[in-house]
Chemist: 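The structure follows.
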Amino acid sequence: MNLDLDEKELVQSDIFSLSPNPAQESVTLYFKEAYRDMSIQIFDIKGSLVNEIRQNGNRQVIPIDDLLNGVYFIKATDSKANQTIRLIKN
């Protein structure tokens, strides 16, 4: 999939959807079911962990205004599943 930096896209996966992408101030993760105690991790392009939060429910807003512009990976993991989606911060 080719992501144009001028477009706001909804990126979908097996576990969650992410919108907007690219993003500037925050992103919203929409989970396909309500998860309990899911780990959400944000990694930079080098693989360094830059943020980690715990998720309960089916929606999570994550502020990203403190991140530098670039490519990040959001990974959601629990005992049943895990999924990673690329995020572009601009």
Chemist: Do the non-hydrogen side-chain atoms of Ser39 and Arg54 ever get within less than 4.5 Å of each other?
Modeler: yes
Chemist: How long is the span from the CG atom in Asn69 to the NZ atom in Lys89, to the nearest 0.5 Å?
Modeler: 4.5 Å
Chemist: Are any non-hydrogen side-chain atoms of Thr28 and Ser19 less than 4.5 angstrom apart?
Modeler: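 A side-chain contact is absent here, since even the closest heavy-atom pair is not under 4.5 Å.
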Chemist: Mind checking the NZ-CG spacing from Lys75 to Leu49? Nearest 0.5 Å is all I need.
Modeler: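 Nearest 0.5 Å value for the NZ-CG distance: 10.5 Å.
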Chemist: Run the numbers on Gln24 and Asn90 for side-chain contact (heavy atoms from CB on, under 4.5 Å), then give the verdict.
Modeler: CA-CA 5 Å; Gln24 294 179 357; Asn90 60 10; 3.2 Å; yes
Chemist: Using 0.5 Å steps for rounding, measure from the CD1 atom of Ile42 to the CD1 atom of Ile62.
Modeler: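 Answer rounded to 0.5 Å: 4.5 Å.
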Chemist: Closest approach of Asn21 and Ile88, non-hydrogen atoms and distance?
Modeler: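 So the two residues come closest at OD1-N, 2.9 Å.
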Chemist: So, Asn56 side chain and Asp37 main chain: donor-acceptor pair closer than 3.5 Å or not?
Modeler: yes
Chemist: For Ala76 versus Ile15, what's the shortest heavy-atom pair and its separation?
Modeler: O-CD1, 4.3 Å
Chemist: Under 3.5 Å, is there a donor-acceptor pair linking the side chains of Gln41 and Thr77?
Modeler: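 The answer is no; no qualifying pair exists.
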Chemist: May I have the step-by-step check of side-chain contact (heavy atoms from CB on, under 4.5 Å) for Val27 and Ile74, ending in yes or no?
Modeler: CA-CA 10 Å; Val27 293; Ile74 297 181; 4.1 Å; yes
Chemist: Do Val50 and Val61 sit in one hydrophobic cluster, given that two such residues count as connected whenever their side-chain heavy atoms are within less than 4.5 Å of each other, even indirectly?
Modeler: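 The answer is no; the residues belong to distinct hydrophobic clusters.
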Chemist: Kindly indicate, with the supporting measurements, whether the criterion side-chain contact (heavy atoms from CB on, under 4.5 Å) is fulfilled by Gln83 and Phe16.
Modeler: CA-CA 8 Å; Gln83 184 72 41; Phe16 67 96; 4.1 Å; yes
Chemist: Give, for atom CD1 of Ile85 and atom OG of Ser17, the distance between the pair rounded to the nearest 0.5 Å.
Modeler: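 Going from CD1 on Ile85 over to OG on Ser17, the span is 6.5 Å.
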Chemist: Considering all heavy atoms of both residues, which atom of Tyr30 and which atom of Arg59 are nearest to each other, and what is their separation?
Modeler: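 Of all heavy-atom pairs spanning Tyr30 and Arg59, the closest is CE2-CD, 4.0 Å.
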Chemist: Show the nearest heavy-atom pair for residues Tyr72 and Asp44, with the distance to one decimal.
Modeler: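 Smallest heavy-atom distance, with atoms named: CD2-CA, 3.6 Å.
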Chemist: Supply the atom-to-atom distance Met38 CE to Asn58 CG, rounded to the nearest 0.5 angstrom.
Modeler: 11.5 Å
Chemist: For Gln55 and Ile40, which heavy atoms make the closest approach, and how far apart are they?
Modeler: CB-CD1, 3.5 Å
Chemist: Which atom pair, heavy atoms only, marks the closest approach of Pro20 to Leu87?
Modeler: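 It is O-CD1, 4.3 Å.
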Chemist: Are the ring centres of Phe73 and Phe43 closer than 6.0 Å?
Modeler: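 No, too far apart.
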Chemist: For Glu33, does the CD atom sit with more than 12 other heavy atoms under 6.0 Å from it, leaving out its own atoms?
Modeler: yes
Chemist: Could you tell me the separation between the CD atom of Gln60 and the CG atom of Leu18, rounded to the nearest 0.5 Å?
Modeler: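 The CD atom of Gln60 sits 12.0 Å away from the CG atom of Leu18.
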